[in-house]
Number of protein chains: 2
Amino acid sequence: MSASGGATRLKLLEGALRTLVEQGIAKTSARSIATTAGVNQALIFYHFGSVDELLAAACVHGAEQRVSRYRERLAALDSLTELLTFARAMHAEERAAGQVAVLGQLLAAGQTAPALAAATSAGLALWIEELEGVLTRLLAATPLAAFADPAGLARAAAASFVGIELYEGIDPEGAARALDSLEQLAVLAQALQGLGPLSQRAVTHRLRRRTRG
Amino acid sequence: MSASGGATRLKLLEGALRTLVEQGIAKTSARSIATTAGVNQALIFYHFGSVDELLAAACVHGAEQRVSRYRERLAALDSLTELLTFARAMHAEERAAGQVAVLGQLLAAGQTAPALAAATSAGLALWIEELEGVLTRLLAATPLAAFADPAGLARAAAASFVGIELYEGIDPEGAARALDSLEQLAVLAQALQGLGPLSQRAVTHRLRRRTRG
DNA sequence: GTCTATACATGGATAGAC
DNA sequence: GTCTATCCATGTATAGAC
């Protein structure tokens, strides 16, 4: 890959992401991407073979870029409460950058395009992996540790995150209200962590019994 | 609207939904819808003016159909635990019917098409409205009643539901794991409801303090 | 209300010159 | 590796006959 070739590839990857954000999957085409990227349309097929393959590569490229951005900050978190506060800040950043929107567009497209499905799954997996690590660490300090599945929760959270982001695109006020309500629920986690030993044991006991039932 | 005219309109509405499910928004066009519906392509423009207007009408039409299907069953629920169990059953039914997939496709398309955004918001609102009513009723019996916002939670749940459904389309195993983990969290609600009065009061007290902080 | 035919735009993809 | 030119499929939308 020559220097200029690498540059064009990169322009196309970034152009594909920007086009998905600005015009949506429905209007993302070889021509629209090429225009956004400022390169010749035929180069998409030279470098990536097809539009879908470019989108697939762009998805993973974008996810890598964004996830690495948060790695350090996630490692510094000390409680579920902090994680929830951080999630809202991250949401705002990702909304501005448009990366979650990209996942939403590709998630929709992937429903009926296997090649895109695989790439989107890989992109989302990068987020999930990161989140799973943090959840494993933070849940250990709560009564939830006994029965919660960090891997499952990380997947649920990531998918929900994308869903809420898509919702925000069509109803910003509703999405804000949704996020507020989740933040309020955070006090539940806080309360569980802050309970006196006796009450906490009662809760834990109760939780244990229920999981066996 | 004549009888046959109404019949064609209906064929187009149902055809639009089926096309969205089977081919995704990217391959949903006047021609593909007309083929699915078994009617002439030009009739889309006669009855709805444009493809997007047909999609908008179909979204609301589909949501009305599906939501009314659950109204009675939702009214019969007696606890948050039951609601969560029911949610999983509903998820399976909607996945089979493809209605949540439709919302996902239109949610993605709506990000950059204001007319579709409005219709999708209206369709989703039907689900939210129903859910909000149930949540308001069921949360009243828990310590969460003091600070939880049913309207916000209903919005968060609906959006998350769509997100997880989209995720299921690209990673069925991951989605199953996500849903399992949420079901396990349901024991938390169960535990809160089943706590003895003393412990429950401790939790409630704790929660109250946190919301004021 | 429905059909055929058609105009015209956009999109995927390739050939071949440079 | 990049550009121009082009082929052909698909898509939106309309006109006009029935």
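Note that the coordinates shown come from a computational prediction; the quantities given were computed from them, not determined experimentally. Below, read A as the first sequence line, B as the second, and so on, with proteins coming before strands; counting in each chain starts at 1.
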Next item on the list: Starting at CD of B:Glu168, measure out to CD1 of B:Ile164 and round the result to the nearest 0.5 Å.
Entry: 9.5 Å
Note to self: Check this for me, if you would: do B:Arg155 and B:Glu132 make a salt bridge, where the nitrogen-to-carboxylate-oxygen distance has to be below 4.0 angstrom?
What the structure shows: yes
Check: At what distance, to the nearest 0.5 angstrom, does CG of A:Leu126 lie from OG of A:Ser121?
Finding: 10.0 Å
Next item on the list: Have a look at A:Ser32 and say if it touches a base, only the backbone sugar-phosphate, or nothing, with a 4.0 Å heavy-atom cut-off.
Entry: nothing
Margin query: If the helix axis at each end comes from five base pairs, how far does the helix from C:dG1-D:dC18 to C:dC18-D:dG1 deviate from straight, to 10°?
Written below: 0°
Next item on the list: Identify whether any heavy atom of A:Ala42 sits under 4.0 Å from a base atom; if not, whether one sits that close to sugar-phosphate; answer base, sugar-phosphate or nothing.
Entry: base
Next item on the list: Would you mind telling me which residue lines up with the more 5' stretch of DNA chain D, B:Gln41 or A:Leu43, judged by nearest nucleotide?
Entry: A:Leu43
Margin query: Nearest heavy atom decides the nucleotide; on that basis, is A:Tyr46 or A:Lys27 closer to the 5' end of DNA chain C?
Written below: A:Lys27
Checklist line | Interatomic distance where CZ belongs to A:Arg31 and C1' belongs to D:dT6 [whole Å] | finding: 10 Å
Notebook entry, point to check: Got a donor-acceptor contact below 3.5 angstrom from the A:Gln99 side chain to the A:Arg95 backbone?
Noted result: no
Checklist line | Under 4.0 angstrom between B:Ser50 side-chain N/O and D:dT12 OP1 or OP2 | finding: no
Check: Going from OG on A:Ser160 to CD on A:Glu165, what distance comes out if it is rounded to the nearest 0.5 angstrom?
Finding: 13.0 Å
Check: When all nucleic acid strands are considered with a 4.0 Å heavy-atom cut-off, which category describes B:Val39: base, sugar-phosphate, or nothing?
Finding: nothing
